[in-house]
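Everything below concerns the one structure shown next.
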Protein chains: 2
Amino acid sequence: MALTPLQQEFVLHFGEMGSRWGINRTVGQIYALLFLSPKPLNAETITDALAISRSNTSMGLKELQSWNLVRLRHFPGDRRDYFTTPDDLWEIVRTLVAERKKREIDPTLIKLRELEMQGSAGDDYAEARISELRELIEMMTGFYDEMEKLETERLVKLMTLGGKIAGLIDKASGAFPALTKRS
Amino acid sequence: MALTPLQQEFVLHFGEMGSRWGINRTVGQIYALLFLSPKPLNAETITDALAISRSNTSMGLKELQSWNLVRLRHFPGDRRDYFTTPDDLWEIVRTLVAERKKREIDPTLIKLRELEMQGSAGDDYAEARISELRELIEMMTGFYDEMEKLETERLVKLMTLGGKIAGLIDKASGAFPALTKRS
DNA sequence: CAGAAGTTTCAGAAATTTCTGAAATTAATA
DNA sequence: TATTAATTTCAGAAATTTCTGAAACTTCTG
């Protein structure tokens with residue numbers, strides 16, 4: 001399968017960005033290719049579209065599956081595995097955020113709680129800083145949990161409220177005088 | 001400077017997480033050390049606390065400076081550079097998010113716009129997908145820009161609104177019947 | 001200006017990650 | 001059950017990233 005110039009450039013960009021996103025070039029390219037493909041692709045097709053080894057494709061797909069970023073499909077009379085990305089971009093974003101939280105935040109939250117439990121015998125500053133950090137992360141992950149629960153439609157509304165957000169917050173929480181415009 | 005067991009474990013954890021966060025072990029460790037230190041530290045002190053080479057410390061600090069994650073301090077009669085992290089954790093989070101956006105999102109947004117400009121001659125599906133992705137990222141970065149503008153106090157309120165958020169959104173945007181409880 | 005103190009640069013060494021080809025494994029079909 | 005097709009595993013090769021020590025540079029001080 002030869003790539004169109006548009007696909008080509010998109011795929012190469014995702015490959016290059018891969019390292020900044022915590023995945024490798026191949027994984028980025030495979031994902032990009034699937035993302036732009038209207039039909040599910042099998043490993044063989046991916047291998048030759050990207051000019052990589054068959055084993056590299058296999059590992060890349062395994063990695064993408066561990067991120068829940070691809071869906072497996074089958075066709076009657078063909079026993080090869082075919083892969084796609086979800087049509088719904090919001091679903092993709094939700095997965096991406098959930099997985100990054102799991103890998104980048106949760107382990108640290110666990111570690112911070114551990115460190116607080118075991119105490120510190122006189123290292124008061126460090127203990128306070130760790131505890132403050134743990135609280136902040138808990139607040140943010142709590143907020144994330146709420147966002148996660150919202151239907152896409154509400155999420156879109158929230159995101160497009162623009163300048164109205166500040167006022168809303170104030171109304172919802174009994175505005176703190178110093179923050180309101182009048183007085 | 002010998003580390004307390006608490007500092008030690010925190011520093012090692014941040015070192016290990018470094019690779020998942022897109023920085024290297026040393027950079028993670030230096031940051032962790034500064035974060036827990038009540039006083040600014042100079043390069044020499046960092047070097048021996050972490051048992052790394054002086055040049056590695058220099059590179060790590062440079063990297064942290066490029067992320068705007070450390071502040072430079074000086075003391076009278078001492079011409080060495082001393083480094084700290086901000087006391088305010090919210091400031092740290094804001095910086096972190098801004099820098100990650102700059103490195104992980106902005107280049108892709110630019111690339112997507114480029115690809116849309118140059119068109120595609122018949123690759124309709126890819127073109128539609130790219131355009132949809134670009135729109136979604138624009139919506140999210142627009143929302144980020146709004147959040148970014150909020151004072152920390154309002155941000156905290158928003159994050160701790162809990163279950164009230166859905167109702168708020170509905171009220172603010174003339175609730176969509178299908179989403180409200182009544183009817 | 002000469003020397004000392006502090007910092008950065010940089011080429012190569014060390015470590016780590018990614019990728020490949022070959023072999024092994026799994027599963028379907030004859 | 002033997003054969004074929006598809007996929008995975010894995011040891012080592014290749015590429016990349018990180019780290020170090022030595023040299024270069026910068027800035028201050030006597």
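No hydrogens, no waters, no symmetry mates; every other heavy atom, side chains included, goes into these values. Not measured: the values here are computed from a predicted model. All chains are named by letter (A, B, ...) in the order of the sequence lines, taking the proteins before the strands, and each is independently numbered beginning at 1.
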Atom pair distance, as rounded to whole Å: [atom1] in [X] and [atom2] in [N]:
X       : N      : atom1 : atom2 : value
A:Leu50 : C:dC19 : CG    : P     : 11 Å
A:Leu64 : C:dT18 : CG    : P     : 13 Å
A:Arg54 : C:dA24 : CZ    : P     : 18 Å
B:Glu63 : C:dT9  : CD    : P     : 13 Å
A:Ile46 : D:dT7  : CD1   : P     : 10 Å
B:Asp48 : D:dT20 : CG    : P     : 13 Å
A:Asn56 : D:dA11 : CG    : C1'   : 15 Å
A:Ile30 : C:dT18 : CD1   : P     : 13 Å

Run the side chain to side chain contact (heavy atoms under 4.5 Å, CB included) test on A:Tyr144 and A:Val97 for me, step by step, so that the C-alpha distance in whole Å, both residues' side-chain angles and the decisive distance to 0.1 Å come before the verdict. CA-CA 9 Å; A:Tyr144 163 73; A:Val97 174; 3.5 Å; yes

Quick check: on DNA chain D, is the nucleotide nearest A:Glu44 upstream (toward 5') of the one nearest A:Arg25, or the reverse? Name the residue that is more 5'. A:Glu44

5′-ward residue of the pair B:Thr57/A:Leu61 relative to DNA chain D: A:Leu61

May I ask you to verify if any side-chain N or O of [X] is less than 4.0 angstrom from the OP1 or OP2 atom of [N]?
X       : N      : result
B:Thr26 : D:dC19 : yes
B:Arg79 : D:dT27 : no
A:Ser53 : C:dG21 : no
A:Arg80 : D:dA5  : no
A:Ser58 : D:dT8  : yes
A:Lys62 : D:dT7  : no
B:Asn42 : C:dG6  : no
B:Asn24 : D:dT17 : no

Answer with base, sugar-phosphate or nothing: what part of the nucleic acid does B:Ser19 contact at a heavy-atom distance below 4.0 Å? nothing

Here's one to test your reading of the geometry: is the NZ or CZ of A:Arg103 within 45 degrees of the ring axis of A:Trp67 and under 6.0 Å from its centre? yes

Ring geometry between B:Phe35 and B:Phe10 (parallel below 30°, tilted from 30 to 60°, perpendicular above 60°): parallel

The nucleotide from C:dT9, C:dT20, C:dT7 with an atom nearest the side chain of A:Ile52 is C:dT20

Just checking, any donor-acceptor pair under 3.5 angstrom between side chains of B:Thr108 and B:Arg113? no

side-chain contact (heavy atoms from CB on, under 4.5 Å) with A:Arg94: of A:Leu155, A:Asn68, A:Asp88, only one passes, and it is A:Leu155

Can you tell me how far CD of B:Glu9 sits from CD1 of A:Ile130, rounded to the nearest 0.5 angstrom? 9.0 Å

If you assign B:Ala43 and A:Ser55 each to the DNA chain C nucleotide with the nearest heavy atom, which residue ends up on the more 5' nucleotide? B:Ala43

